[in-house]
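The structure under discussion appears below in the form of structure tokens.
Since the model is a prediction, treat every value here as computed from it, not as a measurement. Every number for a ligand or one of its atoms is a count from 1 in the order of the listing.
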Amino acid sequence: MTKISSVLIADDIEQECVDILQNAGIQVSIKTKQTKEQLLESLPQHDAVIVRSATKITSELLDAAAGKLKLVGRAGTGVDNIDVPAATRNNVLVMNTPQANSRSAAELTCSLVMALARHVPQAAASMKEGKWARKDYMGEEVFGRTLAVLGLGRIGTEVAFRMQAFGMRVIGFDPVVSKEQAAARNIELLSLEEIWPQADYVTVHVPLIKQTENLINKESLAKCKKGVRVINVARGGIVNEADLVEALDSGHVAGAAIDVFEQEPPAFRELVDHPRAICIPHLGASTIDAQLRVASEIAENIVQLNQGTVLGVL
Ligand code: NAD
Ligand code: MLT
């Protein structure tokens with residue numbers, strides 16, 4: 001049975017995580033913002049490492065820690081900062097907390113839909129510049145408009161449910177969801193080709209994998225109505241940033257709200273600086289509620305692993 005006696009916490013995490021581990025007799029070291037060289041030295045000294053998204057657990061690190069490191073815990077959903085095949089090759093378990101921040105990510109998505117509809121960030125910024133530009137910020141109601149949700153998993157379905165309360169019609173696409181399952185949530189399941197021309201807002205809630213990379217690109221945007229708005233609170237790379245800027249420039253896309261970027265922090269400033277883009281620094285899970293949940297869940301999973309009962313192993 002896998003036994004975890006020492007844990008390295010490599011990214012900022014709430015104190016609950018430390019308390020739960022220590023109360024279970026597990027030794028905890030906290031060393032955040034480590035360089036690759038520091039991680040190469042520290043990882044092989046621990047049975048487990050806990051990360052959020054800042055620390056990248058690469059195959060080089062996993063190979064160097066082979067034989068000692070038994071577990072990588074991701075306090076969050078996406079495991080794209082962990083080389084999972086390299087972990088498997090080195091007999092290292094990868095655990096995440098996939099449900100702990102879904103509601104926070106869904107609530108942020110809904111607030112971005114509304115912010116796009118009413119230009120809230122741009123109008124607030126203009127007031128700070130001393131303006132009173134009421135005519136510049138004519139918005140639209142979302143009531144009766146169509147929201148396309150791509151990816152009807154945990155976050156996508158929570159977004160659909162909440163935006164239906166605003167009177168939005170929700171259409172969606174997900175290869176593993178049936179028409180009946182979608183209909184039970186009042187979502188019309190359509191093909192992507194049917195979705196593009198109908199959507200007033202498109203929000204993506206898929207993992208970043210080969211099939212979803214550049215899902216929103218020049219071609220798909222061209223098939224959308226003029227004035228469509230795009231939201232990405234999933235992962236950078238699902239929406240092609242250069243294509244989005246081109247479509248914002250031409251006016252084909254009326255607005256975009258982006259939480260996640262191809263490179264973080266983003267090097268491609270044209271999107272961040274675009275007047276019709278609302279860009280925020282990967283805040284989907286940044287609520288005290290979600291952070292308390294991810295911190296305690298990942299710690300509890302490790303304690304349960306020591307007891308022989310575990311959830312959340314990938
Ligand atoms: P999930 O696994 O519950 O749902 C993802 C859904 O996408 C699944 O139902 C899957 O079938 C579907 N899917 C896969 N390929 C698809 C495709 N080609 N087209 C359409 N659908 C496809 O995941 P989730 O917990 O809802 O998370 C969704 C995304 O949000 C992930 O990328 C996750 O990393 C990200 N996330 C971001 C934040 C943030 O801080 N911004 C927070 C939490 C999660
Ligand atoms: C996640 O995948 O959990 C989110 O992107 C949030 C985070 O990285 O903390």
Please check: side-chain N/O of [X] versus main-chain N/O of [Y], any donor-acceptor pairing under 3.5 Å?
X	Y	value
D47	K70	no
Q164	N186	yes
Q291	A285	yes

Quick test of your reading of the structure: of [options], whose heavy atom lies closest to [atom]?
atom	options	result
atom 36 (N) of ligand 1	L283, L108, V233	V233
atom 16 (C) of ligand 1	P175, A290, G153, P207	P175
atom 35 (C) of ligand 1	A234, G151, S104	A234

Give me the residue, atom name and distance of the protein heavy atom closest to [atom].
atom	value
atom 9 (O) of ligand 2	R52 NH2, 3.4 Å
atom 3 (O) of ligand 2	T77 N, 2.6 Å
atom 42 (C) of ligand 1	A105 CB, 3.8 Å
atom 5 (C) of ligand 1	H205 O, 3.4 Å
atom 5 (O) of ligand 2	H282 NE2, 2.6 Å
atom 3 (O) of ligand 1	R154 N, 2.9 Å
atom 8 (C) of ligand 1	D174 OD2, 3.4 Å
atom 6 (C) of ligand 2	A285 CB, 3.5 Å
atom 43 (C) of ligand 1	N101 OD1, 3.3 Å
atom 32 (O) of ligand 1	V206 O, 2.8 Å
atom 15 (N) of ligand 1	T212 CG2, 3.9 Å
atom 33 (C) of ligand 1	T77 CG2, 4.1 Å

Quiz item: Which of these, K31, K33, R52, sits in a salt bridge (Lys or Arg N to Asp or Glu O under 4.0 Å) with D12?
Solution: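 The salt bridge (Lys or Arg N to Asp or Glu O under 4.0 Å) with D12 is passed solely by K33 among K31, K33, R52.
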Inter-residue atom distance [X].[atom1] - [Y].[atom2], 0.5 Å rounding:
X	Y	atom1	atom2	result
L69	I57	CG	CD1	7.5 Å
T77	R235	OG1	CZ	7.5 Å
C17	I302	SG	CD1	6.5 Å
K225	T146	NZ	OG1	5.5 Å
Q99	R154	CD	CZ	5.5 Å
N81	R74	CG	CZ	5.0 Å

Self-check item: Derivation and outcome, side-chain contact (heavy atoms from CB on, under 4.5 Å), residues T58 and D83
Solution: CA-CA 5 Å; T58 61; D83 190 328; 5.6 Å; no
Quiz item: Using a distance-only test with no angle check, is there a side-chain donor-acceptor pair under 3.5 angstrom linking S126 and E129?
Solution: no
Show the atoms of ligand 1 that are less than 4.0 angstrom away from any heavy atom in [X].
X	answer
V260	41 (N)
H282	39 (C), 40 (O), 41 (N)
G78	34 (O)
F173	19 (N), 20 (C), 21 (N)
A285	40 (O)

Practice problem: For ligand 2, indicate whether the residue R74 contacts it via side chain, backbone, both or neither (heavy-atom separation under 4.0 Å). | Solution: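 Near ligand 2, R74 shows its side chain, while the N, CA, C and O stay back.
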Exercise. Give the contacting part of N101 toward ligand 2: side chain, backbone, both or neither, where contact means a heavy-atom distance below 4.0 Å.
Key: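 Side chain only; the backbone of N101 stays clear of ligand 2.
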Quiz item: Side chains of L190 and Q198: does their closest heavy-atom pair fall under 4.5 Å?
Solution: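 Touching, per the 4.5 Å side-chain cut-off.
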Self-check item: Shared hydrophobic cluster, L192 / I216 (ILVMFWY, side-chain heavy atoms < 4.5 Å)
Solution: yes
Exercise. Ignoring angles and geometry beyond distance, decide whether A75 reaches within less than 3.5 Å of ligand 2 through its nitrogen or oxygen atoms.
Key: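 No: no nitrogen or oxygen of A75 is under 3.5 Å from one in ligand 2.
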In terms of atom number and element, which parts of ligand 2 are under 4.0 angstrom from non-hydrogen atoms of [X]?
X	value
G76	3 (O)
S53	8 (O)
G78	1 (C), 2 (O), 3 (O)

Quiz item: Checking side chain to side chain donor-acceptor pair (under 3.5 Å) for the pair H46/S29: CA distance, chi angles, key distance, verdict?
Solution: CA-CA 9 Å; H46 296 87; S29 332; 2.9 Å; yes
Self-check item: E193/K223 salt bridge by N-O under 4.0 Å criterion
Solution: yes
Quiz item: Using heavy atoms and a threshold below 4.0 Å, how should the contact between I155 and ligand 1 be classified: side chain, backbone, both, or neither?
Solution: both
